[in-house]
2 protein chains.
Amino acid sequence: MGKRDLDEPLRDARTLAVQLRDRLADLIRTEGLKPGDRLPTESQLTQRFRISRPALREALKLLEQDGVISVTHGLGRFVTANSAVQVDRPITVFESVTDMARHYGYDTVNKVLSIAEETPAPLIQQQLRLADGERVIRLERLRLHNDLPLIYSLDYVPRGLLPGRLFDIEWSGSLLALLERYRHQPRMSAASVAAVTLPDEIVQRNDLRDFGPALLITETCFDGTGTPVVHAAVYHRGSHFAFSFARK
Amino acid sequence: MGKRDLDEPLRDARTLAVQLRDRLADLIRTEGLKPGDRLPTESQLTQRFRISRPALREALKLLEQDGVISVTHGLGRFVTANSAVQVDRPITVFESVTDMARHYGYDTVNKVLSIAEETPAPLIQQQLRLADGERVIRLERLRLHNDLPLIYSLDYVPRGLLPGRLFDIEWSGSLLALLERYRHQPRMSAASVAAVTLPDEIVQRNDLRDFGPALLITETCFDGTGTPVVHAAVYHRGSHFAFSFARK
DNA sequence: AAGATGTCAGTTGTCTTACAACTGAACAAC
DNA sequence: GTTGTTCAGTTGTAAGACAACTGACATCTT
């Protein structure tokens, strides 16, 4: 608490258009505008917010692309029904498993079950776009909350991304943070979700007979340059997790 | 094929900004621009496409919001890595269960297990925003592919939306299409996904002992005015379904 | 020689002004 | 009752000007 935050911008770095887009979204909410209700005209809004018309139009265009408003040339802009499907923290948000679990109220303890370097299976090689002969790090972990296993996960990382010896690296923390420290920060992923039961040998090896049905999320994570940096299979205990999303 | 399509607009109704957004997205693709590559300047693009700068800027702003490009003031616009996470037909697309199943190659036969009018449970009443005393239609169905049960579903519809007697309505078709005919077309939904096993009484009643783990999608569907029109619980057979999505 | 400061060119961000295009309502003509 | 015209209000597009930012380079100070 004596630590001073030096990163304190004196000015909002966002463009006026983006700022106004958010202000207008708030305004629609706070003024209780319902689907079909008409927004103030461009002229009224430029006066109200003391902003030029082109900047305002950019903001309105963004709102339109967001699906919040629809526009009829010559008639006006109207609130759409999209606010009916507000979803907090949807499954489509990219975040670490640890952060996600904390959001559900689970402060998990991360147990490393195994760490190894190996030749990747063909699917892993394809997902991580590895050349023949390239190796991967295979990280097997279990996350527990109050001694109850909640998440079993397998992560594959191209060996070349993490220099040094495997046992010199701390594996019980966030893999995303680890990769970030080596300048390969994962930023997005292509994922899929399925309902499965844990594979038998994992059940036997780790005494997970009562895990029950699992929500399996399989994803390939990419860094800012579009390079795949992790392939993960994450089994969430079905009784403790459900993920939300909007469909449009 | 003798039928003439009368809806043939002579002019693209989309604004220039939206058209140009799509043209630029195509250009990024066809010119093989990679993450980090720089786009032509605004000046170059206005000349290339013979469009005014404000319209061009609106288009570029939309591309930025789409995550296709990032902008640095004074420096230029750059392609982001978003194309790394192209997902066909994500879970976030709103469509009927029948259409979704067909996409997986399953032409399902829809069996009506039960249809009834009842007083809703508190959760259903809340989700459908019903007043005290309002009733719902409860529709229980099973979808089979080659005689194998793939999807068990429960749908709740406000009674007032579908006039007439229950047994006069054809329930084995698409519920979305049925509601559309009564001017309550579902257009979007708020949903969640979990891994479960079928409830015991359903297993026993319908001989579904070998269904295995199920991917349960629970969703409330809204029409164009934001009014909730269906609350559904859809159990997908785990062995036959997995849904994709992008995380950003 | 190294570090700090200032200048400049190129680019994006914002603004002002003007005219074009569209929509629905109102009214006139048939 | 139907069709055509006009009008007011609104969005769509354009041209021109200046502000703000960034990195590269030059100059000054130690």
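The chains referred to below are lettered A, B, ... by the order of the sequence lines, with proteins before strands, and numbering in each begins at 1.
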Quick one: side chains of residues 17-27 of chain B, donor-acceptor pairs under 3.5 Å with protein atoms, not counting sequence neighbours, listed by atom name and distance.
unit_1	atom_1	unit_2	atom_2	d
B:Gln19	NE2	B:Arg14	O	2.8
B:Arg21	NH1	A:Gln65	OE1	2.5
B:Asp22	OD2	B:Arg14	NH1	2.8
B:Asp26	OD1	B:Arg29	NH2	2.5

Could you pull out all residues at least two apart from B:Phe49 that satisfy ring-ring contact (aromatic ring centres under 6.0 Å, His included)?
none
Report the residues that fulfil ring-ring contact (aromatic ring centres under 6.0 Å, His included) with A:His236, sequence neighbours left out, ordered by chain and then residue number.
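Listed in chain order: A:Phe241, A:Phe243.
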Range on DNA chain D touched by chain A - first to last nucleotide, heavy-atom distance under 4.0 Å:
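Contacts span D:dG9 to D:dC21, reading 5' to 3'.
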Can you name the salt bridge (charged side-chain N to carboxylate O under 4.0 Å, His left out) partners of B:Asp66, sequence neighbours left out?
none
Just to verify, what does B:Glu170 make a salt bridge (charged side-chain N to carboxylate O under 4.0 Å, His left out) with, not counting sequence neighbours?
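So B:Glu170 forms no salt bridge (charged side-chain N to carboxylate O under 4.0 Å, His left out) with any residue.
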Checking B:Glu117 now: which residues fulfil side chain to side chain donor-acceptor pair (under 3.5 Å) with it, not counting sequence neighbours?
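Checked B:Glu117 against side chain to side chain donor-acceptor pair (under 3.5 Å); matches are B:Arg135, B:Arg159.
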According to side chain to side chain donor-acceptor pair (under 3.5 Å), who are the partners of A:Asp107, at least two apart in sequence or on a separate chain?
A:Arg102
What is the distance, rounded to the nearest whole Å, between atom NE2 of A:His73 and atom C1' of C:dT23?
9 Å
Whole-Å gap separating C1' (C:dT23) and CZ (A:Phe78):
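Checked: the CZ to C1' distance equals 10 Å.
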What distance separates A:Thr72 OG1 from A:Arg38 CZ, expressed to the nearest 0.5 Å?
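It is 10.0 Å, given to the nearest 0.5 Å.
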So how far is it from B:Glu180 CD to B:Ser96 OG, rounded to the nearest 0.5 Å?
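If I round to the nearest 0.5 Å, the distance is 11.0 Å.
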Tell me which residues in residues 37-53 of chain A put a heavy atom below 4.0 Å from DNA chain D, sorted by number, or none.
A:Arg38, A:Thr41, A:Glu42, A:Arg53
Expected list for residues 62-72 of chain A near DNA chain D, using heavy atoms below 4.0 Å, is A:Val71, A:Thr72
Classify the nucleic acid contact of A:Arg77 as base, sugar-phosphate or nothing, counting any heavy atom under 4.0 Å across all strands shown.
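Sugar-phosphate, backbone atoms only, no base.
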Assuming nearest nucleotide by heavy-atom distance, tell me which of A:Leu56 and A:Leu75 is located more 5' along DNA chain C.
A:Leu56
The answer to which of A:Ala55 and A:Gly74 contacts DNA chain C further toward the 5' end, by nearest nucleotide, is A:Ala55
Tell me every residue that passes side chain to side chain contact (heavy atoms under 4.5 Å, CB included) with A:Pro228, counting only those two or more places apart in sequence or in another chain.
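If we apply the side chain to side chain contact (heavy atoms under 4.5 Å, CB included) test to A:Pro228, skipping adjacent residues, the hits are A:Leu128, A:Arg129, A:Thr220, A:Phe222.
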B:Lys34: what forms a side chain to side chain contact (heavy atoms under 4.5 Å, CB included) with it, not counting sequence neighbours?
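In terms of side chain to side chain contact (heavy atoms under 4.5 Å, CB included), with neighbours along the sequence ignored, B:Lys34 is linked to B:Asp37.
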Looking at B:Arg57, I'd like to know whether one of its side-chain N or O atoms comes within less than 4.0 Å of OP1 or OP2 on C:dG13.
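Affirmative; the distance criterion is met.
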